[in-house]
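Before any comments, here is the structure.
Read the numbers this way: they start at 1 and go in the same order the structure lists the ligands and their atoms. Because the structure is a prediction, the values reported are computed rather than measured.
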Amino acid sequence: MQNSFFNRGFQRKRPADTGHVLPPGQYETQDFPVLSAGPTPKIATARWEFGLDGLVETPQKWSWSEFNALPQQDLTVDIHCVTQWSKFGTKWQGVSLDTLLALAKPRPEARYLMAHCYGGYTTNLPLADVLNGKAFIGLQYDGQPLAPEHGGPARLVVPHLYFWKSAKWIQRLELLSEDAPGFWERAGYSMYGDPWKEQRYLDDDEDLANSAS
Ligand SMILES: Nc1nc2c(c(=O)[nH]1)N[C@H]1C(S)=C(S)[C@@H](COP(=O)(O)O)O[C@H]1N2
Ligand SMILES: [Mo]
């Protein structure tokens, strides 16, 4: 009897029981902290527009109603902020970047993208990191319209990279042939931001570290 009691207690605490794993240097939080570099922009959905352009065959622009008519998915993902909190099992509803890119048709020379936000925030990503189910535009969080402080009406979510790549109040995605730094990247953060390799700062980027030595 005693043995089974202790076994149950022990098993409950094993990470394998939840399927969630913390990247190095992170801790788990149950809260959903708000991290914004400036004030929360007020964007009425009547005036909201979202575009996908740059190196594409067919530039796209959606109104709020047009965008909401696109096929949506339910997604449950773990998120990891560079300030060291991770949150497991966040539940979203949104539109896959695969759906949007299939409409816009990237040109062969498109390799990167810049996310542009209402309020002026930017962040850069390789195109490969938003394809094949890796990224979406989140419209709902936990069954509710996305709260303004968390990026509502709509935000980019790229869960496999540090959360600063998940641009809130998304306005435009611009496809580019060359990588270019966004807001935090210009301030010394990693160009890529892989939490599993702990690429927090520019110094942690393998390619740059190698070419500088
Ligand atoms: N437009 C915009 N997007 C942003 C930010 C921002 O300041 N402005 N902060 C980034 C950072 S550093 C993080 S950790 C997450 C925080 O998202 P949250 O406030 O929903 O937790 O948003 C990212 N996206
Ligand atoms: Mo962050």
Under 4.0 Å between a Lys/Arg side-chain N and an Asp/Glu carboxylate O for Lys61 and Glu49?
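Looking at Glu49 together with Lys61, the answer is yes, because their closest N to O distance falls below 4.0 Å.
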Contact check: [X] vs ligand 1, nitrogen or oxygen atoms, below 3.5 angstrom:
X      : answer
Cys81  : no
Leu35  : yes
Lys168 : yes
Ser166 : yes

With hydrophobic residues grouped by side-chain heavy-atom distances under 4.5 Å, do Leu75 and Leu97 end up in a single group?
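No; Leu97 is not reachable from Leu75 via cluster members.
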Indicate, with yes or no, if Val157 and Tyr121 share a hydrophobic cluster defined by side-chain heavy-atom contacts under 4.5 Å among Ile, Leu, Val, Met, Phe, Trp and Tyr.
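No, no single cluster joins them.
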Please work out whether any backbone atom (N, CA, C, O) or any side-chain heavy atom from C-beta onward of Trp85 is under 4.0 Å from ligand 1, and answer side chain, backbone, both or neither.
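Near ligand 1, Trp85 shows its side chain, while the N, CA, C and O stay back.
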If you measure from each non-hydrogen atom of Cys117 to ligand 1, which part falls under 4.0 Å: side chain, backbone, both or neither?
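It is the side chain that touches ligand 1; the backbone stays farther off.
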For Phe88, check ring pair (Phe, Tyr, Trp, His ring centres under 6.0 Å) against everything at least two apart and list the hits.
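By the ring pair (Phe, Tyr, Trp, His ring centres under 6.0 Å) rule, Phe88 matches His20.
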Ring pair (Phe, Tyr, Trp, His ring centres under 6.0 Å) partners for Tyr189, two or more places apart:
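Scan of Tyr189 (ring pair (Phe, Tyr, Trp, His ring centres under 6.0 Å), adjacent residues dropped) gives Trp164, Trp184, Tyr201.
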Quick one: which of His150, Gln171, Arg155 has a heavy atom closest to atom 17 (O) of ligand 1?
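Checking each option, the heavy atom nearest atom 17 (O) of ligand 1 is found in Arg155.
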Per atom 2 (C) of ligand 1, closest listed option by heavy atom (Phe32, Tyr121, Phe183):
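Shortest heavy-atom distance from atom 2 (C) of ligand 1: Tyr121.
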Over 12 foreign heavy atoms within 6.0 Å of CD, Gln30
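Atom CD in Gln30 is not crowded, with 12 or fewer foreign heavy atoms closer than 6.0 Å.
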Give the ring-plane orientation class for Phe32 versus Tyr141, where under 30° counts as parallel, over 60° as perpendicular and anything between as tilted.
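Answer is tilted, since the angle falls between 30° and 60°.
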By number and element, which atoms of ligand 1 are closer than 4.0 Å to a non-hydrogen atom of [X]?
X      : result
Trp169 : 1 (N), 2 (C), 8 (N)
Val34  : 19 (O)
Ser36  : 7 (O)

Report yes or no: does a heavy atom of [X] sit under 4.0 Å from some atom of ligand 1?
X      : answer
Lys165 : no
Gly151 : no
Gly119 : no

Begin with the C-alpha distance, continue with both residues' side-chain angles, and end with the deciding distance and a verdict on salt bridge (Lys or Arg N to Asp or Glu O under 4.0 Å) for Glu28 and Lys87.
CA-CA 6 Å; Glu28 186 190 355; Lys87 187 171 174 59; over 6 Å; no
For [atom], grab the closest protein heavy atom and report residue, atom and distance to one decimal in Å.
atom                    : result
atom 11 (C) of ligand 1 : Trp164 CA, 3.6 Å
atom 13 (C) of ligand 1 : Phe163 O, 3.7 Å
atom 7 (O) of ligand 1  : Ala37 N, 2.6 Å
atom 21 (O) of ligand 1 : Pro33 O, 2.6 Å

Ser166 versus Arg155, closest heavy-atom pair with distance:
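Answer, listing the atom of Ser166 first, then Arg155: O-NH2, 2.9 Å.
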Residue of the set Lys134, Lys165, His160 for which side-chain hydrogen bond (donor to acceptor under 3.5 Å, both in side chains) holds with Asp129:
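So the option named by the test is His160.
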Answer whether the closest heavy-atom distance between the side chains of Asp194 and Tyr162 falls below 4.5 Å.
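No. Closest side-chain heavy atoms not under 4.5 Å.
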